[in-house]
Amino acid sequence: MNSKPAPSNDTQQDFSALPKHVAIIMDGNGRWAKKRLLNRIKGHEKGADAVRAIVEASRELGISYLTLYAFSTENWQRPQAEIDALMVLLKRFLMSEQKELIKNGIRLNAVGELDRLPDGVQEALRETMASTVQNHDMVLNLALSYGGRPEILKAVREIAHEVRRGELNPDQITEALFSDHLYTRQIPDPELLIRTSGEMRVSNFLLWQIAYTELIITPTLWPDFTREEFIEILRTYQQRDRRFGRTDD
Ligand code: FPP
């Protein structure tokens, strides 16, 4: 058996074994709304409330990096009205949470093809990143207009240019060098990836970075995802035996 006994309540959470970096695919906003005969956008609005709760919980628990998949490169294919609503929501979130992020020592970072975002969102991102740059307690990393394959291709192109310019010998291309060309260069790989709404997919998220990440999928739709369930998932993670291809011994 490779599992440790589960602590029985919150106070017994083993903080030493918490993941440093948790990544989340926040899925199910549309289904949450549909179940209630509401517009999908209402689901995203409720999803933004869940984002606030999980950011706060992560900070309190002492997680160092939280990466949230807020908008994928594929999401640009959604109806324009939904894209517009998501962008408005994002901008509103950035502007309204700025003070809270500063107060809680959270630094905002963003990864993805950010130049594809509307000017207003880019501006809000720049402003929030600048105003939180001195914060060191946690990094909130938003994946926006993000896709794992485009990220890998960007790294490949950059490296190919360096080789062509004679700055790099192909034999010097190591995993560490490759990682240094990804959007996440300053961030360790996530130990835990959570996906809500029960889908068993990674959907082009952090493809390189999740090579050894533990995956936990919950059927809960993102707007219903709570701090309590988050803590429960962290407990499940703590019982996993991470062997990285080695044996137990
Ligand atoms: C997936 O649900 C969710 C998204 C594409 C957007 C995620 C956005 C938020 C949680 C709110 C805004 C974010 C921030 C950071 C404030 P879906 O629409 O694919 O759901 P479905 O699969 O049920 O249709």
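Remember, it's 1-based here, ligands and their atoms both numbered in the order they're listed.
- With Asp137 as reference, Arg59 is the one residue of Arg107, Lys103, Arg59 to meet the salt bridge (Lys or Arg N to Asp or Glu O under 4.0 Å) rule.
- Close N/O approach between Gly30 and ligand 1 is found [any backbone or side-chain N/O within under 3.5 Å].
- At least one heavy atom of Arg40 lies less than 4.0 angstrom from ligand 1.
- Only the side chain of Trp222 comes within contact range of ligand 1, with a heavy atom under 4.0 Å; no backbone atom does.
- The closest donor-acceptor contact from the side chain of Glu45 to the backbone of Leu89 lies at 3.5 Å or more, if one exists at all.
- Heavy-atom proximity to atom 11 (C) of ligand 1, evaluated over His44, Lys35, Arg31, is greatest for His44.
- When heavy-atom distances to ligand 1 are checked against a 4.0 Å cut-off, Glu199 has no atom that comes that close, whether in backbone or side chain.
- A donor-acceptor pair is defined here as one N or O able to donate and one able to accept, closer than 3.5 Å; no such pair exists between the side chain of Glu229 and the backbone of Thr226.
- For Ser203 (side chain) and Phe205 (main-chain N/O), no donor-acceptor pair under 3.5 Å exists by modelled atom type.
- Between the side chain of Glu191 and the backbone N or O of His21 there is at least one donor-acceptor pair closer than 3.5 Å.
- Ligand 1 is approached by Arg78 to a heavy-atom distance shorter than 4.0 Å.
- Here the heavy atom of the protein found nearest to atom 1 (C) of ligand 1 is Met26 O, 3.2 Å.
- Between the CG atom of Asn141 and the OH atom of Tyr69 there is a distance of 12.5 Å, given to the nearest 0.5 Å.
- Closest protein heavy atom to atom 12 (C) of ligand 1: Leu89 CD2, 4.2 Å.
- Residue Asn75 has no nitrogen or oxygen atom sitting less than 3.5 Å from a nitrogen or oxygen atom of ligand 1, judged on distance alone.
- Between the side chain of Arg40 and the backbone N or O of Gly30, no donor-acceptor pair lies under 3.5 Å.
- Distance from atom 9 (C) of ligand 1 to its nearest protein heavy atom, with residue and atom name: Asn29 ND2, 3.6 Å.
- Distances from atom 13 (C) of ligand 1 to the heavy atoms of Leu142, Ile25, Val55, Leu90 put Leu90 nearest.
- At least one test fails for Arg78 against the ring of Trp76: distance under 6.0 Å to the centre or angle within 45° of the axis.
- Residue contacts with ligand 1: Ser197 is excluded, as none of its non-hydrogen atoms falls under 4.0 Å.
- The backbone N or O of Thr236 sits nowhere less than 3.5 Å from a side-chain atom of Arg240 that would complete a donor-acceptor pair.
- For Gln122 (side chain) and Asp115 (main-chain N/O), a donor-acceptor pair under 3.5 Å exists by modelled atom type.
- Of all atoms in ligand 1, numbered sequentially from 1 with element shown, those under 4.0 Å from a heavy atom of Ala70 are 6 (C), 7 (C), 8 (C).
- Any N or O atom pair closer than 3.5 Å counts here, and Asp27 shares at least one such pair with ligand 1.
- In terms of protein heavy-atom proximity, atom 16 (C) of ligand 1 is nearest to Phe93 CG, 3.4 Å.
- The proximity of Leu68 to ligand 1, defined as any non-hydrogen pair under 4.0 Å, does not occur for either the backbone or the side chain.
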